[in-house]
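Worksheet for the structure shown next.
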Amino acid sequence: STQSTWDPTNDDPKVEDMFEVGTIATILQLLKLPDGTVKVLVEGTERAKIVEFTEVEEFFEAHIEVIKPIVGDEKEQEVLIRSAISQFEGYIKLNKKIPPEVLTSVTGIDDADRLADTMASHMPLKVEEKQKALEIEDVRERVEYLMALMEGEIDLLQVEKKIRSRVKKQMEKSQREYYLNEQMKAIQKELGETEDGVDEFEALEQKIEEAGMPEEAETKTKAELKKKKKKKKTLR
């Protein structure tokens with residue numbers, strides 16, 4: 001059985017530091033690293049509660065009791081699963097860190113308790129939130145608890161998306177303005193260098209049309225040219 005502690009950074013936990021509820025797991029891989037630490041890959045199978053510790057000196061050993069999920073009405077479970085998967089789909093679309101194939105595996109789950117485990121594993125939950133999800137025995141309550149947390153995450157992701165969109169638009173606007181300013185500098189240079197006796201404004205208007213500017217930039221540039229043309233006539 002694997003148990004979490006109140007403080008994950010504590011390398012020497014005592015009995016009072018351990019959560020009562022944990023997971024019965026199978027060791028899939030054990031890897032000794034060069035620095036002496038051991039990395040273990042485990043797969044959870046069932047949830048369990050510690051009844052009593054039988055060894056606490058060299059290592060922890062305890063009698064445990066498997067937690068049997070409390071399942072409600074079958075129709076209610078079906079609706080709950082459908083609602084949870086629908087919400088999870090929206091969450092995955094917003095969260096680019098989760099691969100799309102996760103949704104494919106989730107849609108095939110018809111057990112609400114297992115669905116709760118899968119959703120929780122892909123959510124950025126705090127230790128306390130994960131532990132609470134682990135401890136809730138009523139399946140409906142457990143799934144709804146995770147859905148409420150997911151709703152909060154979706155709200156945050158939507159705000160992040162709006163911010164990214166605003167930043168992108170601002171960058172595009174800045175790039176357009178820079179391009180327009182460069183075009184205007186070129187026009188002003190041409191105005192300064194054009195010889196008398198030549199229809200300078202007609203020549204510049206032709207250059208603007210040949211420049212292949214975006215429509216917005218071309219309109220603004222022509223308007224600026226028109227102002228300068230009027231100003232020159234007034235000076236005459």
CA sep, side-chain torsions, deciding dist, call: Met119, Tyr91, side chain to side chain contact (heavy atoms under 4.5 Å, CB included): CA-CA 10 Å; Met119 291 193 306; Tyr91 172 65; over 6 Å; no

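Of all heavy-atom pairs spanning Val143 and Ala116, the tightest one is CG2-CB, 4.1 Å. Nearest heavy-atom pair, Val21 versus Gln131, reported as atom, atom and distance to 0.1 Å: O-NE2, 2.9 Å. Closest non-hydrogen pair, Leu125 versus Glu129, comes out as CA-OE1, 3.5 Å. Between Gly44 and Thr23, the closest heavy-atom pair is CA-CG2, 3.6 Å. Here the closest non-hydrogen pair linking Ala62 and Ile50 is CB-CG2, 3.9 Å. When all heavy atoms of Glu46 and Val66 are compared, the pair lying nearest together is OE2-CG1, 3.4 Å.
With a 4.5 Å cut-off on side-chain heavy atoms, Leu134 and Ile67 do not count as touching. Contact check for Glu43 versus Gln29: no side-chain heavy atoms found under the 4.5 Å cut-off. Counting heavy atoms from C-beta outward, Glu144 and Glu141 have side chains that stay 4.5 Å or more apart. Residues Val127 and Phe19 are in side-chain contact: their nearest non-hydrogen atoms beyond the backbone lie under 4.5 Å apart. Proximity of Phe88 to His122: side-chain heavy atoms (C-beta onward) are separated by under 4.5 Å at one or more points.
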Tell me which donor-acceptor pairs under 3.5 Å the side chains of residues 148-175 have, and how far apart each pair is, sequence neighbours excluded?
unit_1: Glu151; atom_1: OE1; unit_2: Gln87; atom_2: NE2; d: 2.9
unit_1: Ser174; atom_1: OG; unit_2: Gln170; atom_2: O; d: 2.9

Please report, to 0.1 Å, the donor-acceptor pairs under 3.5 Å made by any side chain of residues 98-114, with sequence neighbours excluded.
unit_1: Ser105; atom_1: OG; unit_2: Val102; atom_2: O; d: 2.6
unit_1: Thr107; atom_1: OG1; unit_2: Leu103; atom_2: O; d: 3.2
unit_1: Thr107; atom_1: OG1; unit_2: Thr104; atom_2: O; d: 2.8
unit_1: Asp111; atom_1: OD2; unit_2: Asp113; atom_2: N; d: 3.2
unit_1: Asp111; atom_1: OD2; unit_2: Arg114; atom_2: N; d: 2.8
unit_1: Asp113; atom_1: OD1; unit_2: Arg47; atom_2: NH2; d: 3.3
unit_1: Asp113; atom_1: OD1; unit_2: Arg142; atom_2: NH1; d: 2.8

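Between the CG atom in Leu94 and the NZ atom in Lys96 there is a gap of 7.5 Å [rounded to 0.5 Å]. For the atom pair Glu135 CD and Lys130 NZ, the distance stands at 14.5 Å (nearest 0.5 Å). Put simply, CG on Asp17 and CZ on Phe60 are 7.5 Å apart, with the number rounded to the nearest 0.5 Å. Put simply, CD on Glu52 and NE2 on His63 are 5.0 Å apart, with the number rounded to the nearest 0.5 Å.
With respect to Lys132 and Glu128, no salt bridge is recorded, no charged nitrogen being found less than 4.0 Å from a carboxylate O.
Clustering ILVMFWY residues whenever any of their side-chain heavy atoms sit less than 4.5 angstrom apart, transitively, puts Val42 in the very cluster that holds Val38. Residues Leu41 and Ile24 do not share a hydrophobic cluster, clusters being chains of Ile/Leu/Val/Met/Phe/Trp/Tyr side chains in contact below 4.5 Å. Criterion: ILVMFWY side-chain heavy atoms under 4.5 Å apart, direct or through other members. Under it, Met147 and Ile70 are not part of a common hydrophobic cluster.
With hydrogens and angles disregarded, a donor-acceptor distance shorter than 3.5 Å links the side chain of Glu55 to the backbone of Glu57.
For Ile27, the CD1 atom is loosely surrounded, since the number of other residues' heavy atoms within 6.0 Å does not exceed 12.
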